[in-house]
*Asks:* 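I'd like to ask some things about the structure below.
Just so we're on the same page: letters track the sequence lines, and every chain starts at 1.
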Number of protein chains: 2
Amino acid sequence: MKPKISDVAKVAGVSPTTVSRVLNNRGYIGEETRKKVHEAMKQLNYFPNDVARSLFIKKTFLIGVIFPTTTNPFYGQLIFHIENIAASLGYKVLLCNSQGQEDKERSYLRMLQRNQVDGIIAGAHNRGVKEYDIPNLPVVGVDRYLSENIPVVSSDNYDGGRQATQLLINKGCRNIIHINGPSYLETPANLRRKAYEDVMKDNQLNPVTYETEGDNQAVIKQLFDEIPLVDGIFASDDLIASAVIREAKLRGRNIPADFKVIGYDGTETTRLLLPELSTIQQPIREIAEKTIEILIKEINEEGDDSQMETILPVRLIESETT
Amino acid sequence: MKPKISDVAKVAGVSPTTVSRVLNNRGYIGEETRKKVHEAMKQLNYFPNDVARSLFIKKTFLIGVIFPTTTNPFYGQLIFHIENIAASLGYKVLLCNSQGQEDKERSYLRMLQRNQVDGIIAGAHNRGVKEYDIPNLPVVGVDRYLSENIPVVSSDNYDGGRQATQLLINKGCRNIIHINGPSYLETPANLRRKAYEDVMKDNQLNPVTYETEGDNQAVIKQLFDEIPLVDGIFASDDLIASAVIREAKLRGRNIPADFKVIGYDGTETTRLLLPELSTIQQPIREIAEKTIEILIKEINEEGDDSQMETILPVRLIESETT
DNA sequence: TTTCATATGTCAACCGGTTGACATATATTT
DNA sequence: AAATATATGTCAACCGGTTGACATATGAAA
């Protein structure tokens, strides 16, 4: 049977109130008493029950984290940083992989509310999910506009899209296509497309965007089929970019002489597995830091005036595909 | 103020005990009453407090999951599957990225005990960490021998090592080097090295193993410097394999004509970003399924006789680097 | 000597929910 | 008519820990 405070008190020869005083460093405590209590806890392998404690203090130090999947290099790295920073501040992360499914997202939101989490960080599917506006529960979005009242942290998607497109133009591309996710997602990443379109028009070039959702391969093949003279592709995601590289090679295109590719994200994993890919690198650790900072402020009710949108600078990494 | 059972009772015009009966579908309940209670819960946006409930039922449905990092493609994918399966069974995942640091690992173990998790899945650093043997707390290791009393799930590392080495030999390699992690880690992955050594000796070839820890790049450069005639490398990890490919190309080696590489893991991400890499693919989803199955059995005290070691078959994926 | 500080104990209420025992009333079945 | 089932309410103890109020005793400072 798991030891509780009364068992520690018995072994230490003090009262349960005194054990609680030692645990919380509250009230007067003699050094000898403190020592005896710690020894008793060690002897019994006693751990305070945070469940009971949370019930009383009405705080769980839990943060719900909802993203599509840890399998994706960007999310995997982002979630790593979020958890790491949260842990360093004494918070615990409840992981939720929504896989872009609205019903799973809702299910997770209900679960997080039942579990009395102190806050939520979400960067999942959002179309149709209105449940993020929860009274008295701080939520911060990453790369997602979840609600008018919820702060958002993202990279400078517009600048990233601008730099990517400009690079391709500067390198001589004229038939430049953009590949992005579905535009119905309310995400700052749509600014990548906006920037691409603006820069193309500024250069008297015709902007064309392909949207993917799920099967990148099919969309990429269709793109090459429909626009065989494409000479540059700005993919809004490194995984899409890598599929583009493969398809281009299959069709005998010479990268970068005859055909150039640039992606977006620049994660650790991508840099390791596909270092030749030019990309717009997101400041993932900074995004995580800022997200946690804003969330903790809201949890502590210190920042109702948090800036609603935080945009962090990206970095162009030019490699061998441009 | 967050609504509780007594508030729901008031709005529904019933007693708190009746609300609890409805929540738990226990005892006699009239349909009209059930309807009124559900409407009241909806009107108040009431969510049962699982913290309070857990205190009473002495079960949290929390599973602690400790791995080095979600950034790594293998761990990212494994954690995704673990969370997905756990969630489908009504369990919640507390994520812990230990980054291979013993003190963080111990800190997480303490946190998980304080949070009364129902079980732990661990695949982190283990040297020197003896705290996994926790009385009455089910733990399952993935690719780690954590204790004599803790079940382990892994892929068939020996067969994987055997197939990888045999493939290189069958393809004509004679100067085959193996790169693995530090051998002091008590992990089934050491069997990859054992298999490599056995197969090399069986073919009258000289086995040589390089160990990495942290800086793969330096070790790989050293390897090429010290053994310039190396014609095949079996890397026990796809990230290491990709670094090998890069270094080989930098040194003008022709892959696979002049130099062959095979890795291990075969994750989704690696298959997308480096599809040309030959690899031994681990059954990651099956590992997750088996791990959860064993853990849930131990949590429910149904399987004290769980098999202590579960070995799942790997699959050779031959691509362009061999 | 008086006042204040230190140290520890007792007691009980609370955090939100669960649940068993028992009560009362009504309806159905034997 | 009697027994059983259905439906809901009251009450209180419990889950483990927190904490305030108050008590008692001892030691130190004014």
Side-chain angles (χ1 to χ4, degrees), chain A residues 1-38 40-41 44-62 110-118 136-137, chain B residues 1-38 40-41 44-62 110-118 136-137:
Chain A
M1 181 59 84
K2 201 176 289 181
K4 50 201 180 188
I5 277 194
S6 54
D7 300 313
V8 176
K10 226 167 252 170
V11 168
V14 298
S15 75
T17 303
T18 296
V19 176
S20 183
R21 285 187 180 121
V22 171
L23 280 173
N24 295 289
N25 204 27
R26 217 180 48 95
Y28 296 109
I29 309 167
E31 278 316 303
E32 276 300 301
T33 299
R34 192 190 298 276
K35 196 175 162 190
K36 285 195 301 189
V37 169
H38 280 296
M41 295 197 300
L44 292 169
N45 195 38
Y46 168 80
F47 286 90
N49 185 327
D50 276 359
V51 174
R53 185 166 198 274
S54 295
L55 183 58
F56 182 79
I57 66 174
K58 292 174 180 265
K59 208 170 157 55
T60 56
F61 290 95
L62 285 170
R110 289 194 295 272
M111 178 273 275
L112 294 175
Q113 291 186 81
R114 288 200 319 273
N115 281 266
Q116 313 300 306
V117 298
D118 291 348
N136 302 314
L137 181 54
Chain B
M1 179 61 88
K2 202 176 287 183
K4 47 199 183 190
I5 277 194
S6 54
D7 300 312
V8 175
K10 225 165 251 167
V11 169
V14 299
S15 75
T17 304
T18 295
V19 177
S20 183
R21 286 189 180 121
V22 171
L23 281 173
N24 295 289
N25 204 24
R26 217 178 47 93
Y28 296 109
I29 309 166
E31 279 315 302
E32 274 302 301
T33 299
R34 192 192 297 277
K35 195 176 164 191
K36 285 195 301 188
V37 168
H38 280 295
M41 295 197 297
L44 292 170
N45 195 39
Y46 167 81
F47 285 90
N49 185 327
D50 277 0
V51 173
R53 186 165 199 274
S54 296
L55 183 59
F56 182 80
I57 67 175
K58 293 177 183 262
K59 205 169 159 55
T60 56
F61 290 94
L62 283 171
R110 289 194 294 274
M111 179 273 276
L112 294 176
Q113 292 186 81
R114 288 200 319 274
N115 282 266
Q116 313 300 307
V117 299
D118 291 348
N136 300 315
L137 181 55

*Asks:* Within the pair B:Arg26 and C:dT19, is there a side-chain N or O less than 4.0 Å away from OP1 or OP2?
*Replies:* yes
*Asks:* Could you state the NZ-P distance from A:Lys10 to C:dG9, rounded to the nearest angstrom?
*Replies:* 14 Å
*Asks:* Donor-acceptor pair, distance only, cut-off 3.5 Å: does the side chain of A:Gln116 make one with the backbone of A:Arg114?
*Replies:* yes
*Asks:* Rounded to the nearest 0.5 Å, what separates atom NZ in A:Lys58 from atom CG in B:Asn49?
*Replies:* 8.5 Å
*Asks:* CZ of B:Arg34 to OG1 of B:Thr18: how many Å apart, nearest 0.5 Å?
*Replies:* 11.5 Å
*Asks:* Round to the nearest Å and state the distance from A:Arg21 atom CZ to C:dC11 atom C1'.
*Replies:* 12 Å
*Asks:* For A:Glu31 and A:Thr17, take the nucleotide of DNA chain C holding the closest heavy atom to each; which residue's nucleotide lies nearer the 5' end?
*Replies:* A:Glu31
*Asks:* On the nucleotide C:dG17, are OP1 or OP2 found under 4.0 Å from the side-chain N or O atoms that B:Ser20 carries?
*Replies:* no
*Asks:* Does the side chain of B:Tyr28 get closer than 4.0 angstrom to OP1 or OP2 of D:dT6 through an N or O atom?
*Replies:* yes
*Asks:* Do A:Val8 and A:Val22 come close enough that some side-chain heavy atom pair is under 4.5 Å?
*Replies:* no
*Asks:* Checking side-chain contact (heavy atoms from CB on, under 4.5 Å) between B:Val37 and each of B:Val11, B:Ile29, B:Leu23, B:Val14, which is the one that passes?
*Replies:* B:Val14
*Asks:* At a heavy-atom distance below 4.0 Å, what parts of residues 49-62 of chain B sit against DNA chain D?
*Replies:* B:Leu55, B:Phe56, B:Lys58
*Asks:* Quick one: label A:Pro16 by what it contacts on the DNA or RNA (base, sugar-phosphate, nothing), any heavy atom closer than 4.0 Å.
*Replies:* nothing
*Asks:* Taking OP1 and OP2 of C:dG16, is either one under 4.0 Å from a side-chain nitrogen or oxygen of B:Tyr46?
*Replies:* no
*Asks:* Any side-chain N or O of B:Arg34 less than 4.0 Å from the OP1 or OP2 oxygen of D:dA7?
*Replies:* no
*Asks:* Can you tell me the distance, in whole Å, between the NZ atom of A:Lys35 and the P atom of C:dA7?
*Replies:* 16 Å
*Asks:* How many whole angstroms separate atom CG of B:Asp7 from atom C1' of C:dC15?
*Replies:* 14 Å
*Asks:* Ignoring hydrogens and geometry, is there a side-chain-to-backbone donor-acceptor pair from A:Asn115 to A:Val117 under 3.5 Å?
*Replies:* no
*Asks:* Nearest whole angstrom, please: distance from the C1' of C:dG17 to the CD of A:Gln116.
*Replies:* 11 Å
*Asks:* Nearest to the side chain of B:Lys4, heavy atoms from C-beta on, is which of D:dG9, C:dG16, C:dG9?
*Replies:* C:dG16
*Asks:* To the nearest Å, how far apart are B:Asn24 CG and C:dG17 C1'?
*Replies:* 9 Å
*Asks:* In whole angstroms, how far is the P atom of C:dT19 from the CG atom of B:Leu23?
*Replies:* 11 Å
*Asks:* Among residues at least two apart in sequence or on other chains, which ones pass salt bridge (Lys or Arg N to Asp or Glu O under 4.0 Å) with A:Lys59?
*Replies:* A:Asp118
*Asks:* For A:Phe47 and D:dG17, give me the distance from atom CZ to atom P, rounded to whole Å.
*Replies:* 13 Å
